[in-house]
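What follows is a single structure, written as C-alpha coordinates, with notes after it.
Just the heavy atoms: all of them, side chains too, but no hydrogens, waters or symmetry mates, feed the values below. All ligand and atom numbering here is 1-based and tracks the order in the structure.
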Amino acid sequence: MRVLVYQAHPGAQHSMANKAMNAASQSVEGVEFVDLYALYPRFDIDVEREQARILEADAILFQFPLFWYSSPSIVKEWQDLVLEHGFAYGREGDRLKGKIWSMGITCGAPIEAYSEEGYNGFALRTLLTPMEQTARLCQMTFLPPYVLYGALAKREAQDLSSHAEGWRKWLIAMRDDRLVMAKVRTFDVIQKHDLHEVIS
Ligand SMILES: Cc1cc2nc3c(=O)[nH]c(=O)nc-3n(C[C@H](O)[C@H](O)[C@H](O)COP(=O)(O)O)c2cc1C
(Lines give C-alpha, C1' and ligand atoms only; values in the text may rest on other atoms or scores of the structure.)
Protein backbone atom coordinates (compact mmCIF):
# COMPACT_ATOMS: atom_id res chain seq x y z
CA MET A 1 0.00 0.00 0.00
CA ARG A 2 1.22 3.52 -0.73
CA VAL A 3 1.15 5.34 2.62
CA LEU A 4 1.05 9.11 3.04
CA VAL A 5 1.57 10.73 6.45
CA TYR A 6 0.42 14.31 7.01
CA GLN A 7 2.00 15.60 10.20
CA ALA A 8 0.58 18.70 11.89
CA HIS A 9 2.16 20.34 14.92
CA PRO A 10 2.15 24.15 15.15
CA GLY A 11 4.80 24.16 17.88
CA ALA A 12 7.17 21.67 16.34
CA GLN A 13 10.17 23.16 18.13
CA HIS A 14 8.61 22.21 21.49
CA SER A 15 7.39 18.79 20.43
CA MET A 16 8.80 15.60 21.85
CA ALA A 17 6.18 12.93 21.16
CA ASN A 18 5.42 13.94 17.58
CA LYS A 19 9.06 14.67 16.95
CA ALA A 20 9.87 11.05 17.81
CA MET A 21 7.00 9.87 15.59
CA ASN A 22 8.22 12.09 12.72
CA ALA A 23 11.61 10.45 12.82
CA ALA A 24 9.90 7.06 12.74
CA SER A 25 7.70 8.07 9.77
CA GLN A 26 10.69 9.37 7.85
CA SER A 27 12.64 6.20 8.47
CA VAL A 28 10.14 3.97 6.67
CA GLU A 29 11.02 3.47 3.04
CA GLY A 30 8.11 4.10 0.68
CA VAL A 31 6.14 6.26 3.14
CA GLU A 32 5.59 9.84 1.99
CA PHE A 33 5.88 12.33 4.85
CA VAL A 34 4.44 15.85 4.65
CA ASP A 35 4.79 18.42 7.43
CA LEU A 36 1.72 20.61 6.90
CA TYR A 37 2.77 23.54 9.09
CA ALA A 38 6.25 23.63 7.52
CA LEU A 39 4.82 23.48 4.01
CA TYR A 40 1.94 25.90 4.54
CA PRO A 41 2.88 28.25 7.43
CA ARG A 42 0.32 30.77 6.14
CA PHE A 43 -2.37 28.12 5.61
CA ASP A 44 -2.25 28.74 1.85
CA ILE A 45 -2.81 25.08 1.05
CA ASP A 46 -2.24 24.20 -2.60
CA VAL A 47 -5.45 22.29 -3.28
CA GLU A 48 -4.46 20.86 -6.67
CA ARG A 49 -1.13 19.69 -5.35
CA GLU A 50 -2.66 18.00 -2.31
CA GLN A 51 -5.46 16.41 -4.33
CA ALA A 52 -2.83 14.99 -6.70
CA ARG A 53 -0.87 13.74 -3.71
CA ILE A 54 -3.77 11.92 -2.09
CA LEU A 55 -4.81 10.37 -5.40
CA GLU A 56 -1.38 8.72 -5.47
CA ALA A 57 -1.85 7.25 -1.98
CA ASP A 58 -3.82 4.23 -0.78
CA ALA A 59 -3.69 5.19 2.90
CA ILE A 60 -3.86 8.79 4.14
CA LEU A 61 -2.76 9.27 7.74
CA PHE A 62 -2.88 12.38 9.88
CA GLN A 63 -0.41 12.52 12.74
CA PHE A 64 -0.87 15.22 15.37
CA PRO A 65 -1.11 16.18 19.06
CA LEU A 66 -4.72 16.39 20.27
CA PHE A 67 -5.63 20.08 20.63
CA TRP A 68 -8.93 20.92 22.29
CA TYR A 69 -10.35 17.44 21.62
CA SER A 70 -9.58 17.70 17.94
CA SER A 71 -6.69 18.23 15.55
CA PRO A 72 -4.54 21.35 15.25
CA SER A 73 -6.37 23.75 12.96
CA ILE A 74 -4.40 23.19 9.76
CA VAL A 75 -5.85 19.68 9.50
CA LYS A 76 -9.34 21.19 9.49
CA GLU A 77 -8.23 23.74 6.89
CA TRP A 78 -6.85 20.88 4.79
CA GLN A 79 -10.22 19.10 5.02
CA ASP A 80 -12.19 22.24 4.18
CA LEU A 81 -10.12 22.95 1.07
CA VAL A 82 -8.88 19.63 -0.27
CA LEU A 83 -12.00 17.49 0.19
CA GLU A 84 -13.91 19.36 -2.49
CA HIS A 85 -17.42 18.62 -3.66
CA GLY A 86 -17.24 16.68 -6.90
CA PHE A 87 -13.82 15.37 -5.94
CA ALA A 88 -14.20 13.76 -2.52
CA TYR A 89 -17.98 13.65 -2.10
CA GLY A 90 -21.24 14.52 -3.84
CA ARG A 91 -22.52 13.19 -7.15
CA GLU A 92 -19.52 11.83 -9.05
CA GLY A 93 -17.24 12.87 -6.17
CA ASP A 94 -15.74 9.48 -5.50
CA ARG A 95 -12.02 9.93 -6.13
CA LEU A 96 -11.09 8.80 -2.61
CA LYS A 97 -13.33 5.75 -2.59
CA GLY A 98 -11.70 2.75 -0.91
CA LYS A 99 -8.68 4.64 0.42
CA ILE A 100 -7.79 4.31 4.10
CA TRP A 101 -8.07 7.20 6.58
CA SER A 102 -6.23 6.77 9.83
CA MET A 103 -4.43 8.87 12.42
CA GLY A 104 -1.58 8.91 14.88
CA ILE A 105 -2.62 10.98 17.89
CA THR A 106 -0.82 12.00 21.05
CA CYS A 107 -2.91 13.13 24.04
CA GLY A 108 -1.58 15.04 27.02
CA ALA A 109 -4.21 13.53 29.30
CA PRO A 110 -4.07 9.96 30.60
CA ILE A 111 -6.41 7.24 29.34
CA GLU A 112 -8.66 7.44 32.48
CA ALA A 113 -9.60 11.01 31.49
CA TYR A 114 -11.22 9.75 28.28
CA SER A 115 -14.44 8.20 29.61
CA GLU A 116 -17.84 9.36 30.83
CA GLU A 117 -16.53 9.35 34.40
CA GLY A 118 -13.17 10.91 33.50
CA TYR A 119 -12.44 14.65 33.40
CA ASN A 120 -12.57 14.77 29.60
CA GLY A 121 -16.07 13.25 29.65
CA PHE A 122 -15.91 11.23 26.41
CA ALA A 123 -13.93 8.38 24.93
CA LEU A 124 -11.35 9.62 22.43
CA ARG A 125 -12.98 7.65 19.62
CA THR A 126 -16.26 9.49 20.30
CA LEU A 127 -14.48 12.84 20.04
CA LEU A 128 -13.16 11.81 16.63
CA THR A 129 -16.66 11.20 15.24
CA PRO A 130 -16.58 14.18 12.80
CA MET A 131 -13.43 12.79 11.17
CA GLU A 132 -14.89 9.29 11.04
CA GLN A 133 -18.02 10.60 9.33
CA THR A 134 -15.94 12.76 6.96
CA ALA A 135 -14.07 9.63 5.88
CA ARG A 136 -17.37 7.77 5.50
CA LEU A 137 -18.92 10.50 3.35
CA CYS A 138 -15.83 10.29 1.10
CA GLN A 139 -16.36 6.50 0.87
CA MET A 140 -13.05 5.96 2.63
CA THR A 141 -12.24 3.23 5.13
CA PHE A 142 -11.75 4.75 8.58
CA LEU A 143 -9.34 2.83 10.79
CA PRO A 144 -8.91 3.40 14.52
CA PRO A 145 -6.10 5.81 15.35
CA TYR A 146 -2.77 4.76 16.83
CA VAL A 147 -2.79 6.63 20.14
CA LEU A 148 -0.45 7.71 22.90
CA TYR A 149 -2.24 8.75 26.11
CA GLY A 150 -0.39 10.62 28.86
CA ALA A 151 2.09 12.09 26.40
CA LEU A 152 3.08 14.93 28.73
CA ALA A 153 4.11 12.60 31.56
CA LYS A 154 5.96 10.43 29.07
CA ARG A 155 7.73 13.52 27.72
CA GLU A 156 9.02 14.26 31.19
CA ALA A 157 10.17 10.68 31.62
CA GLN A 158 11.75 10.74 28.13
CA ASP A 159 9.73 7.58 27.57
CA LEU A 160 8.66 8.03 23.97
CA SER A 161 10.83 5.72 21.94
CA SER A 162 8.70 2.61 22.31
CA HIS A 163 5.60 4.53 21.18
CA ALA A 164 7.48 5.86 18.14
CA GLU A 165 8.77 2.38 17.38
CA GLY A 166 5.15 1.15 17.49
CA TRP A 167 4.17 3.87 15.02
CA ARG A 168 6.96 2.69 12.73
CA LYS A 169 5.61 -0.88 12.95
CA TRP A 170 2.06 0.35 12.23
CA LEU A 171 3.28 2.17 9.10
CA ILE A 172 5.33 -0.77 7.87
CA ALA A 173 2.41 -3.17 8.41
CA MET A 174 0.13 -0.83 6.49
CA ARG A 175 2.65 -0.44 3.67
CA ASP A 176 3.14 -4.22 3.43
CA ASP A 177 -0.60 -5.07 3.72
CA ARG A 178 0.00 -6.94 6.96
CA LEU A 179 -2.77 -5.30 9.02
CA VAL A 180 -5.47 -7.82 9.92
CA MET A 181 -8.36 -5.52 9.06
CA ALA A 182 -11.09 -7.63 10.71
CA LYS A 183 -9.10 -7.48 13.93
CA VAL A 184 -8.15 -3.79 13.59
CA ARG A 185 -11.84 -2.89 13.34
CA THR A 186 -12.56 -4.45 16.74
CA PHE A 187 -10.51 -1.69 18.44
CA ASP A 188 -11.71 1.85 19.17
CA VAL A 189 -8.12 3.01 19.28
CA ILE A 190 -4.86 1.12 18.88
CA GLN A 191 -2.10 1.45 21.46
CA LYS A 192 1.40 0.10 21.29
CA HIS A 193 0.53 -3.02 23.30
CA ASP A 194 -2.29 -3.90 20.86
CA LEU A 195 -0.06 -4.08 17.78
CA HIS A 196 0.81 -7.78 18.11
CA GLU A 197 -2.92 -8.58 17.80
CA VAL A 198 -3.51 -6.63 14.59
CA ILE A 199 -0.38 -7.32 12.53
CA SER A 200 0.06 -10.66 10.79
C1 LIG B 1 -3.65 24.29 22.53
C2 LIG B 1 -3.51 22.94 23.17
C3 LIG B 1 -4.63 22.15 23.35
C4 LIG B 1 -4.51 20.88 23.92
N5 LIG B 1 -5.63 20.13 24.06
C6 LIG B 1 -5.53 18.88 24.58
C7 LIG B 1 -6.68 18.05 24.68
O8 LIG B 1 -7.81 18.41 24.30
N9 LIG B 1 -6.54 16.81 25.22
C10 LIG B 1 -5.32 16.34 25.63
O11 LIG B 1 -5.26 15.19 26.09
N12 LIG B 1 -4.19 17.09 25.51
C13 LIG B 1 -4.28 18.33 25.00
N14 LIG B 1 -3.15 19.11 24.85
C15 LIG B 1 -1.83 18.51 25.17
C16 LIG B 1 -1.13 17.99 23.89
O17 LIG B 1 -1.94 17.03 23.24
C18 LIG B 1 0.22 17.39 24.22
O19 LIG B 1 1.02 18.47 24.70
C20 LIG B 1 0.88 16.75 23.03
O21 LIG B 1 0.14 15.61 22.60
C22 LIG B 1 2.29 16.32 23.33
O23 LIG B 1 2.93 16.00 22.10
P24 LIG B 1 4.27 16.75 21.63
O25 LIG B 1 5.37 16.32 22.58
O26 LIG B 1 4.53 16.25 20.24
O27 LIG B 1 4.01 18.22 21.68
C28 LIG B 1 -3.23 20.39 24.33
C29 LIG B 1 -2.10 21.20 24.15
C30 LIG B 1 -2.22 22.46 23.60
C31 LIG B 1 -0.99 23.30 23.43
- Task: Answer side chain, backbone, both or neither: which part of Leu152 comes under 4.0 Å from ligand 1, heavy atoms only.
- Result: side chain
- Query: Given that the side chain starts at C-beta and the backbone is N, CA, C, O, which of these parts of Phe64 lies under 4.0 Å from ligand 1, counting heavy atoms, or is it both or neither?
  - Reply: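 Answer for Phe64: neither.
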- Interatomic distance, Ile100 atom CD1 to Arg2 atom CZ [nearest 0.5 angstrom]: 12.0 Å
- Task: Mark the output for Tyr149 as yes if a heavy-atom distance to ligand 1 is under 4.0 Å, and as no if none is.
- Result: no
- Query: Charged N to carboxylate O below 4.0 Å: is that the case for Glu50 and Arg53?
  - Reply: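 Between Arg53 and Glu50 there is a salt bridge, with a charged N closer than 4.0 Å to a carboxylate O.
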- Message: Between Arg125 and Glu132 (salt bridge meaning N to carboxylate O under 4.0 Å), is one present in this structure?
- Response: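 Judged by the 4.0 Å cut-off on N to carboxylate O distance, Arg125 and Glu132 do form a salt bridge.
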[X]-ligand 1 polar pair, N/O distance under 3.5 Å:
| X | result |
| --- | --- |
| Ala151 | no |
| Asn120 | no |
| Asn18 | yes |

- Exactly one of Thr106, Asn22, Asp35 clears side-chain hydrogen bond (donor to acceptor under 3.5 Å, both in side chains) with Gln63, and that residue is Asn22
Starting from [atom], what is the nearest protein heavy atom, named by residue and atom, and what distance separates them?
| atom | value |
| --- | --- |
| atom 23 (O) of ligand 1 | Thr106 OG1, 3.4 Å |
| atom 16 (C) of ligand 1 | Leu66 O, 3.6 Å |
| atom 27 (O) of ligand 1 | His9 NE2, 2.8 Å |
| atom 5 (N) of ligand 1 | Trp68 N, 2.8 Å |
| atom 12 (N) of ligand 1 | Gly108 N, 3.1 Å |

- Specify the closest pair of heavy atoms between Ala113 and Ala109, including all atoms of both residues, with the distance to one decimal. CB-CB, 3.9 Å
For ligand 1, which atoms, with element, lie under 4.0 Å from some heavy atom of [X]?
| X | result |
| --- | --- |
| Cys107 | 11 (O), 21 (O) |
| Met16 | 24 (P), 25 (O), 26 (O) |
| Arg155 | 24 (P), 25 (O), 27 (O) |
| Ala17 | 23 (O), 24 (P), 25 (O), 26 (O) |

- With under 30° as parallel and over 60° as perpendicular, where do the rings of Tyr6 and Phe62 fit, or are they tilted in between? parallel
- Item | Close side-chain approach of Phe64 to His9, heavy-atom, < 4.5 Å |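 No, side chains not in contact.
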- Item | Min side-chain heavy-atom separation Leu61-Trp167 under 4.5 Å |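 Leu61 reaches Trp167 side chain to side chain.
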- Query: Is the distance between the ring centroids of Tyr114 and Tyr149 less than 6.0 Å?
  - Reply: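 Tyr114 vs Tyr149: aromatic centres under 6.0 Å.
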- Note on the structure: Judged by heavy atoms only, the candidate from Tyr114, Tyr69, Phe67, Tyr119 nearest atom 9 (N) of ligand 1 is Tyr114
- Message: Tell me whether Val189 shares a hydrophobic cluster with Ile111, the cluster being built from Ile, Leu, Val, Met, Phe, Trp, Tyr side chains joined at under 4.5 Å.
- Response: yes
